[in-house]
Trainee: 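Take this structure first; my questions come after.
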Amino acid sequence: VLENIFTYFNLIFLILAILLCLVESYKNLTFLPVIIANTGIAIFQEIRSKKILDELNVLNTAKVNVIRDGIEQTIDIEDLVIDDIVILETGYQIPADAEVVEGKLQVNEALLTGEADEITKEIGDPLMSGSFIVSGKAYARLNKVGADSYISQLTVKAKTMGEGEQSEMIASLNQLIKWIGIIIIPIGILLFSQSYFFNGNTIKESVVAMEAALIGMIPEGLYLLTTIALALSATKLAKQRVLLHNMKSIETLARVNVLCVDKTGTITENKMSVQKMIVSKKQEIISQSDQLEACIADYAKAMAGDNATMEAVKAYFTKTTDQSYHHVIPFSSVQKFSSVALADKVYVLGAPEMVLRDQLPEYAEEFVSFAEKGYRVLVFGVYDGILEEPVLTEAVTPLGYILIANPIRKEARATFDYFKKQQVAIKVISGDNPLTVSNVAVQAGISHADQYVDASKLSEEEYEAAVEKYTVFGRVKPEQKKIFVQLIKRNNTVAMTGDGVNDILAMKEADCSIAMASGNEAAMQASQVVLLDSDFSRMPEVVAEGRRVVNNIERSASLFLVKNIFSFLLSLFSVIFALTYPLEPSQITLISLFTIGLPSFLLALEENKKRIRGKFIMNVMEKAVPGGLTDMIVVGALVICGVTLNLNKTDVSTASTMLLIAVGFLVLYKICSPLNKFRSQIILFCASGNFFSVIFLHKLFSITGISAVSLLLLSILFFSADSIFRHLTTLVEYLFERKNEKEQKPFSRVAKKFLSIFKREN
């Protein structure tokens, strides 16, 4: 409430209102209802949006399991206190500084230190908040919570609507409003001084003229329109189970031209299942498949079911022999294998490339055909040696191959077809076998998915060329994902989806990060957008909503800036030529109401899925400059003719108002082109409102009858305005087009090109 009431421009409007009251020009206070309505709507929408987001945050807030009074409880992170015993498992983000009291963890502190190495944490070792658990399970005692913890804000910070400066669009508007706020004060002083001291007008006339100029320069509804449009989009998406951590995400997603996705959870369902187990033809240690299955079941029993792969293995291999086990090395996304010592042998389970290494060519023929069919292949074998650390130095003898599959999402093909039509390139970055990922991506309909590479075989020097050439990247480590996103981001706007701890580093680097709610807490906290139902098919809706908002705001902003450019130029014109500003505040209100405010609000509701191109402020200026210049030329000509022909001031102000309304509708027509039923209805409705106000509310808006000379002058300038506007539009569009081209041509050639266009137009 305070932020919307106590603004700089509201202060300016308050001062202007007081001045009008002092000079008893009450009818020119017509701008006040608009300002009050703007403020009230902004407050209402922000409270409404915040309420919806808060309700979602309550449902989706980060939770943590703790032991209190000997009982395990699930509480919000905000409720943690010192000496709480928290239970930490794979995929969790450590919520507060702690110390391990039982168990063992593999922790990645990359979000804090920038180093992607996994650190083993055992009893007595410290844990820093903000880092996340790659594997293992442990109990930890908290020693610092809340503001005292190392980086608690990563997980405790409120999921607010986001600050304006996070968006290029809002940042541009902030910059524009800042400069307007600076220039209106000296211009206002100059206009009043000139009118009162030099032109001999009364204080009332001088105040009214000065205020009309200043009100015309203030884009009072533009910032409101933008923030409300973004807030409404955030609440609309929230109702569709898409949670935005900040409003920037809408605009960024709308500008995305490269989308990086993982295979699991995005292209495929998040659930894994073992399809079958193949006995290695070359193994001799365990000769029968039932014995091998029992061995794998014992292995799985020794491992924590803290990832989808191990859960699938546990569910399939259930007939254990209860062998004793010792020294378990849990699976990690970096080494891509795990191991368990059963009896006198060390067994290893993991990706073929990581487990077999140099032996891969020897055994590849046994499983490569399955990988080509889209299965994820895991090698189960015996390690020839003692394995104390997660580093394989000796040979592994494969015993069998476990085939795992994720069903492709039903809606995947339609989703990727949408992005193809929208010219959004897809990059699949996965930790799985590149051939497997490629086959799955082809089935999902991703363009160029047959172009794949094994990232484990790439040198750092080859990364840049690889991200340009390939669509599918397999065997990618978390640190590599981060580098790939950095490289792609150099020339593109990149969004990154993920649901696991191995995605977090890359998600932090992307322009916009999207997490699946079915993933772990750490990924959700690191993201800007959370798909609460983990349905990737929501993405087209999110992108379409972003494009609708940005394109419509861009279009509406052009309407506002026409008035601002005109008022600024006419103010300078009045100062330079010692003329009194010809309009009154009530007339500016009428012009703004039906050619700017109302149509811009209605146009912001329209569907608009066009891809966003270029910079926001430049696109807006390209559409606004021709209208602003046309206004200045025709009104300036009218004022000069009025002085020359000694026309009545009210004639000049009424004729100027009519001209500005006419040019306003020319600009509105241009912005609405090509017309459809909805846009035609908007123009017709606004024109009717204008006609009604001029006929029945003419006293309120200071519209008077005009002389025959003024009427003739108005007619001539009206028809001139159409021609001036068309040619200025052609020139400005061409100059902006030339500016956007990399190769600049000499100005003479630009002029020659414009002349040819001018001749064709006429």
Trainee: Is the count of non-hydrogen atoms from other residues, nucleotides or ligands lying under 6.0 Å from Y196 atom OH greater than 12?
Mentor: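 Open.
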
Trainee: Can you say whether the rings of F577 and F573 are parallel (under 30°), tilted (30 to 60°) or perpendicular (over 60°)?
Mentor: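 Answer is tilted, since the angle falls between 30° and 60°.
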
Trainee: Please tell me whether S233 and E545 have a donor and an acceptor in their side chains that are separated by less than 3.5 angstrom.
Mentor: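 S233 vs E545: donor-acceptor pair found between side chains.
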
Trainee: Rounded to the nearest 0.5 Å, what separates atom CG in L713 from atom CG in L645?
Mentor: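 Interatomic distance, L713 CG to L645 CG, rounded to 0.5 Å: 7.0 Å.
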
Trainee: As a quick check of understanding, evaluate side chain to side chain contact (heavy atoms under 4.5 Å, CB included) for C21 and L29, giving each step before the final call.
Mentor: CA-CA 8 Å; C21 290; L29 292 171; 3.9 Å; yes

Trainee: If we count only N and O atoms by modelled type, under 3.5 Å, do the side chains of S656 and S653 hold a donor and an acceptor together?
Mentor: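 No pair is found: no donor N or O on one side chain lies under 3.5 Å from an acceptor on the other.
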
Trainee: Side chain to side chain contact (heavy atoms under 4.5 Å, CB included) with I633: which residues, sequence neighbours excluded?
Mentor: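 Once residues adjacent in sequence are excluded, the partners of I633 under the side chain to side chain contact (heavy atoms under 4.5 Å, CB included) criterion are I724, L728.
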
Trainee: Is there a side-chain contact between N690 and T595 in this structure, where contact means two heavy atoms from C-beta onward sitting under 4.5 Å apart?
Mentor: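 N690 vs T595: side chains touch.
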
Trainee: Between atom OG of S586 and atom NE2 of H698, what is the distance when rounded to the nearest 0.5 Å?
Mentor: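 Reported to 0.5 Å precision, the distance equals 12.5 Å.
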
Trainee: Only one of I703, V652, I588 clears side-chain contact (heavy atoms from CB on, under 4.5 Å) with T657; which?
Mentor: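 Checked I703, V652, I588 against T657; only one passes side-chain contact (heavy atoms from CB on, under 4.5 Å): I703.
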
Trainee: Mark yes when over 12 heavy atoms from residues, nucleotides or ligands other than K489 sit less than 6.0 Å from its NZ; otherwise mark no.
Mentor: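 Counting other residues, nucleotides and ligands, NZ of K489 exceeds 12 neighbours.
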
Trainee: Would you please test E584 and S702 for side-chain hydrogen bond (donor to acceptor under 3.5 Å, both in side chains) and show each step?
Mentor: CA-CA 8 Å; E584 295 187 22; S702 304; 3.1 Å; yes

Trainee: With rounding to the nearest 0.5 Å, note down the distance linking CG in L14 to CD1 in I18.
Mentor: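 Spacing of CG (L14) from CD1 (I18) equals 4.0 Å.
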
Trainee: Is it the case that over 12 heavy atoms from other parts of the model lie below 6.0 angstrom from the CZ atom of F678?
Mentor: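 Check passes, neighbour count above 12.
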
Trainee: Quick one, R255 and F616 - any side-chain contact, counting heavy atoms below 4.5 Å?
Mentor: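 In short, these two side chains touch, coming nearer than 4.5 Å.
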
Trainee: Are K236 and E541 within salt-bridge range, i.e. N to O under 4.0 Å?
Mentor: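 E541 and K236: not salt-bridged.
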
Trainee: Is the shortest heavy-atom distance from the side chain of F594 to the side chain of P599 under 4.5 Å?
Mentor: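 No. Closest side-chain heavy atoms not under 4.5 Å.
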
Trainee: Starting at CZ of R726, measure out to CG of L731 and round the result to the nearest 0.5 Å.
Mentor: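 Reported to 0.5 Å precision, the distance equals 14.0 Å.
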
Trainee: Would you please indicate if the ring centroids of Y669 and F665 are separated by under 6.0 Å?
Mentor: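 Aromatic pair excluded; centres sit 6.0 Å or further apart.
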
Trainee: Verify whether one side chain among T493 and D511 offers a donor that lies under 3.5 Å from an acceptor in the other.
Mentor: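 D511 and T493 do not have a side-chain donor-acceptor pair below 3.5 Å.
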
Trainee: Check whether any side-chain heavy atom of K649 sits under 4.5 Å from a side-chain heavy atom of N201, and report yes or no.
Mentor: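 When only atoms from C-beta onward are counted, N201 and K649 do touch, with a gap below 4.5 Å.
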
Trainee: Taking CZ in F718 as the centre, count heavy atoms belonging to other residues, nucleotides or ligands within less than 6.0 Å. Is the count above 12?
Mentor: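 No, the 6.0 Å shell around CZ holds no more than 12 heavy atoms from other groups.
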
Trainee: Atom CE of M621 and atom OG of S558: how far apart are they, to the nearest 0.5 Å?
Mentor: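 Interatomic distance, M621 CE to S558 OG, rounded to 0.5 Å: 9.5 Å.
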
Trainee: Decide side-chain hydrogen bond (donor to acceptor under 3.5 Å, both in side chains) for S206 and S195; before the verdict, give the C-alpha distance in whole Å, the side-chain angles of both, and the deciding distance to 0.1 Å.
Mentor: CA-CA 5 Å; S206 302; S195 177; 3.0 Å; yes

Trainee: For residues V543 and Q422, determine if any side-chain heavy atom of one lies less than 4.5 Å from a side-chain heavy atom of the other.
Mentor: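 They are not in side-chain contact.
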
Trainee: Please report the interatomic distance CD(Q194) to CG(L191), rounded to the nearest 0.5 Å.
Mentor: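 It comes to 6.5 Å.
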
Trainee: Taking the basic N atoms (NZ, or NE/NH1/NH2) and the acidic carboxylate oxygens, is any pair closer than 4.0 Å for E606 and R555?
Mentor: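 Result for this pair is yes, salt bridge flagged.
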
